[in-house]
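Every value quoted in this text rests on a predicted model; they were computed, and no experiment measured them.
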Amino acid sequence: MSGVRVLVGTHKGAFILSSDGKRSKWNVSGPFFGGWEIYHMKGSPADPNRLYASQTSGWFGQIIQRSDDGGTTWFQPGTKPGEETKTSEGFPKTESNKFVYDTSPETGKSLTTHQWYDGTQHPWEFKRVWHLEPSLTDPNTVYAGVEDAAMFRTTDGGQSWHELAGLRGHGTGPKWAPGAGGLGLHTILLDRRNSNRMYIAISSAGAFRTDDTGKTWKPINQGLRSEYIPDPKAEIGHCVHRIAMHHSRPDVLFMQKHWDVMRSDNAGESWHEISGNLPSDFGFVVDVHAHEPNTVYVIPIKSDSEHFPPEGKLRVYRSRSGGNEWEPLTKGLPQRDCFVNILRDAMAVDSLESCGIYFGTTGGQVYMSPDGGDNWNAIVHDLPAVFSVEVQTLP
């Protein structure tokens with residue numbers, strides 16, 4: 001029988017939730033890296049037992065962790081077997097924290113700057129890895145979206161990382177400005193039909209596409225409108241929260257923007273709004289049913305300042321028509337006094353015959369539906385605040 005492994009990154013460690021194909025009983029493992037912020041954890045489609053995790057601390061910096069046995073054991077790639085992973089003072093050694101921006105050979109300084117909150121130019125400073133996206137075909141190749149916004153790649157299983165500098169250097173970088181949570185590259189989508197094509201999203205620069213494996217990039221923000229920037233129709237500067245697509249239709253994209261739920265039918269060349277009858281078009285997550293490419297899920301949040309569900313009712317909204325017409329899914333979810341948030345990387349789907357939908361909250365709950373959203377239950381109630389949720393469907 002097939003199984004499911006849910007990878008959960010939280011404010012204070014990583015957790016792995018596992019079940020068989022019935023998804024009625026769950027085993028909870030963790031915390032791994034207790035006390036550390038785990039921004040993201042994801043498995044390789046080419047080798048389900050190969051997992052990568054972004055381990056971050058304001059005190060100790062960034063560490064990449066890797067597991068080759070489905071999360072039972074972990075190690076820092078780049079650290080030789082038997083080598084100490086802590087300094088003589090007992091602090092973690094960030095051996096795999098080698099995210100170095102491209103610089104000028106002559107000066108050693110960054111090739112570009114970006115806009116700061118006050119409108120001045122600011123140097124690029126590496127802070128953390130927001131998102132890890134393993135290659136569809138090679139378990140040793142992984143893309144990393146980082147803050148300050150840039151894209152890195154490893155081809156040796158995380159031992160070394162190199163910037164795909166064409167993104168920051170393509171021309172609009174000096175106009176990128178951080179959102180409330182920082183200047184982070186948080187979404188990476190790989191096109192299964194075209195290995196040269198990828199989509200990324202940056203808060204708050206917008207969405208971009210490459211058609212040559214990251215050498216050059218194109219802003220894809222036509223049709224987006226943001227009232228709070230000087231030019232509401234600007235080429236860049238839009239705070240995109242998340243993008244999703246179905247692998248069978250890689251030209252059709254769904255977006256949860258700071259405000260507005262959007263759709264593109266031409267690989268991001270243009271966008272149109274599909275918020276329809278949602279109670280709020282603000283939110284962070286968006287995802288697509290594994291077997292129904294026109295079935296989309298969002299979780300509305302009341303506003304960009306309050307960050308909790310409208311009316312204190314936790315509702316997932318589903319559209320079976322690709323947007324505009326939305327139905328609330330509430331069975332098993334709290335419908336009073338619920339004031340949690342659901343962050344941008346905290347929703348995922350499995351690919352079992354009856355598609356499972358999963359999301360985590362800042363209150364520490366991980367909810368799942370085994371039937372496409374009709375019924376919900378909590379796998380766990382009391383984790384630290386959930387940053388990310390990813391799901392592996394196992395043979």
Polar contact flag, side-chain donor to acceptor under 3.5 angstrom, H170-T172 = yes

Electrostatic pair R168:D148 at N-O distance under 4.0 angstrom | no

Atom CD of Q222: over 12 foreign heavy atoms under 6.0 Å | no

Answer yes or no: does atom CD of Q121 have more than 12 heavy-atom neighbours from other residues, nucleotides or ligands under 6.0 Å?
-> yes

Hey, are D191 and S195 close enough side-chain-wise for a donor-acceptor pair under 3.5 Å?
-> no

Apply side-chain contact (heavy atoms from CB on, under 4.5 Å) to D345 and H186, showing your working.
-> CA-CA 8 Å; D345 235 343; H186 52 70; 5.7 Å; no

Non-neighbouring partners of W271 that pass side chain to side chain donor-acceptor pair (under 3.5 Å), sequence neighbours left out = none

Return the set of residues passing side-chain contact (heavy atoms from CB on, under 4.5 Å) with T210 (not counting sequence neighbours), or none when no residue passes.
-> M198, D212, W217

Heavy atoms, side chains only, cut-off 4.5 Å: are V252 and R263 in contact?
-> yes

Please step through side-chain contact (heavy atoms from CB on, under 4.5 Å) for the pair Y358 and V349, ending with a clear verdict.
-> CA-CA 6 Å; Y358 305 76; V349 304; 5.7 Å; no

Between T113 (side chain) and P123 (backbone), is there a donor-acceptor pair under 3.5 Å?
-> no

Tell me yes or no: between the side chains of S135 and D138, is some donor less than 3.5 Å from an acceptor?
-> no

Short side-chain to backbone donor-acceptor contact, K22 and S24, under 3.5 Å | no

Look at atom CG of D382 and say whether more than 12 heavy atoms of other residues, nucleotides or ligands are closer to it than 6.0 Å.
-> no

Over 12 non-hydrogen atoms of neighbours within 6.0 angstrom of NZ in K127 | yes

Return all side-chain donor-acceptor pairs below 3.5 angstrom for residues 359-366, not counting sequence neighbours, or 'none' if the list is empty.
| unit_1 | atom_1 | unit_2 | atom_2 | d |
| --- | --- | --- | --- | --- |
| T361 | OG1 | G363 | N | 3.0 |
| T361 | OG1 | G364 | N | 3.4 |
| T361 | OG1 | Q365 | N | 3.3 |
| T361 | OG1 | Q365 | OE1 | 2.5 |
| T362 | OG1 | N341 | N | 2.9 |
| T362 | OG1 | N341 | O | 3.4 |
| Q365 | NE2 | G363 | O | 3.1 |

If we only count heavy atoms from C-beta on, is the Q65 to Q76 side-chain gap below 4.5 Å?
-> yes

If you measure only the distance, is there a donor-acceptor pair under 3.5 Å linking the side chains of W124 and T112?
-> yes

So, for W36 and F60, is the gap between ring centers shorter than 6.0 Å?
-> yes

K257 side chain to R225 backbone, donor-acceptor under 3.5 Å = yes

Common cluster, W376/V340, ILVMFWY with side-chain heavy-atom separation under 4.5 Å = yes

Cluster check I342, F387: I/L/V/M/F/W/Y, side chain < 4.5 angstrom | no

Short side-chain donor-acceptor distance under 3.5 Å, N377 and Y367 | no

Does P384 offer a backbone N or O that forms a donor-acceptor pair with the side chain of T10 under 3.5 Å?
-> no

Name the atoms and distances for all side-chain donor-acceptor pairs under 3.5 Å in residues 45-54, with sequence neighbours left out.
| unit_1 | atom_1 | unit_2 | atom_2 | d |
| --- | --- | --- | --- | --- |
| D47 | OD1 | N49 | N | 3.1 |
| R50 | NE | D68 | OD1 | 2.6 |
| R50 | NH1 | Y52 | OH | 2.8 |
| R50 | NH1 | P139 | O | 3.0 |
| R50 | NH1 | N140 | OD1 | 3.0 |
| Y52 | OH | P139 | O | 2.6 |
| S54 | OG | Q62 | NE2 | 3.1 |
| S54 | OG | V129 | O | 2.8 |

Can you check side-chain hydrogen bond (donor to acceptor under 3.5 Å, both in side chains) on R249 and N294, steps first, answer last?
-> CA-CA 10 Å; R249 296 195 308 179; N294 226 29; 3.1 Å; yes

Measure the acute angle between the ring planes of H291 and H289, then classify it against the limits of 30° and 60° as parallel, tilted or perpendicular.
-> perpendicular

Going hydrophobic residue to hydrophobic residue with side-chain gaps under 4.5 angstrom, can you get from V6 over to M368?
-> yes

Could you walk me through whether I64 and Q55 pass side-chain contact (heavy atoms from CB on, under 4.5 Å), step by step?
-> CA-CA 6 Å; I64 294 296; Q55 177 184 354; over 6 Å; no

Spell out, as yes or no, whether a donor-acceptor pair under 3.5 Å connects the side chain of H131 to the backbone of L185.
-> no

Where at least one partner belongs to residues 313-324, residue pairs that pass salt bridge (charged side-chain N to carboxylate O under 4.0 Å, His left out), sequence neighbours excluded | E292-R320, E311-K313, E311-R315, R318-E327, R318-D374, R320-E327

Between R209 and E269, is there a side-chain N and carboxylate O pair less than 4.0 Å apart?
-> yes

Taking the side chain from H241 and the backbone from G283, do they hold a donor-acceptor pair closer than 3.5 Å?
-> yes

Quick check: does any side chain N or O of S226 sit under 3.5 Å from a backbone N or O of I229, one acting as donor and the other as acceptor?
-> no

Counting distance only, does the side-chain N/O of H40 pair as donor-acceptor with the main-chain N or O of G145 below 3.5 Å?
-> no

In this structure, OG of S369 is separated from NZ of K331 (nearest 0.5 Å) by 10.5 Å

If we only count heavy atoms from C-beta on, is the S275 to W326 side-chain gap below 4.5 Å?
-> no

Have W130 and E147 got a donor and an acceptor in their side chains that come within less than 3.5 Å?
-> yes

Is there a donor-acceptor contact under 3.5 Å linking the side chains of S351 and T393?
-> yes

From the options Y143, W161, F99, select the one residue that forms a ring pair (Phe, Tyr, Trp, His ring centres under 6.0 Å) with F152.
-> F99

N/O donor-acceptor pair under 3.5 Å between Q159 side chain and P77 backbone = no

Are I274 and V296 side-chain neighbours, meaning at least one heavy-atom pair lies under 4.5 Å?
-> no

Report yes or no: do V261 and Y297 belong to one cluster of Ile/Leu/Val/Met/Phe/Trp/Tyr joined by side chain heavy-atom distances under 4.5 Å?
-> no

Under a 4.5 Å side-chain heavy-atom rule over Ile, Leu, Val, Met, Phe, Trp and Tyr, are M255 and F284 clustered together?
-> no

Answer yes or no: is there a side-chain heavy-atom contact under 4.5 Å between D287 and F254?
-> no

Interatomic spacing from OG in S18 to CG in N27 - rounded to 0.5 Å | 4.5 Å

Distance-only, no hydrogens or angles: does the S203 side chain make a donor-acceptor pair with backbone N or O of C239 under 3.5 Å?
-> no

Can you list the residues that meet the side chain to side chain donor-acceptor pair (under 3.5 Å) rule with E353, with sequence neighbours excluded?
-> none

Of T187, I220, I188, L190, the one forming a side chain to side chain contact (heavy atoms under 4.5 Å, CB included) with Y199 is I220

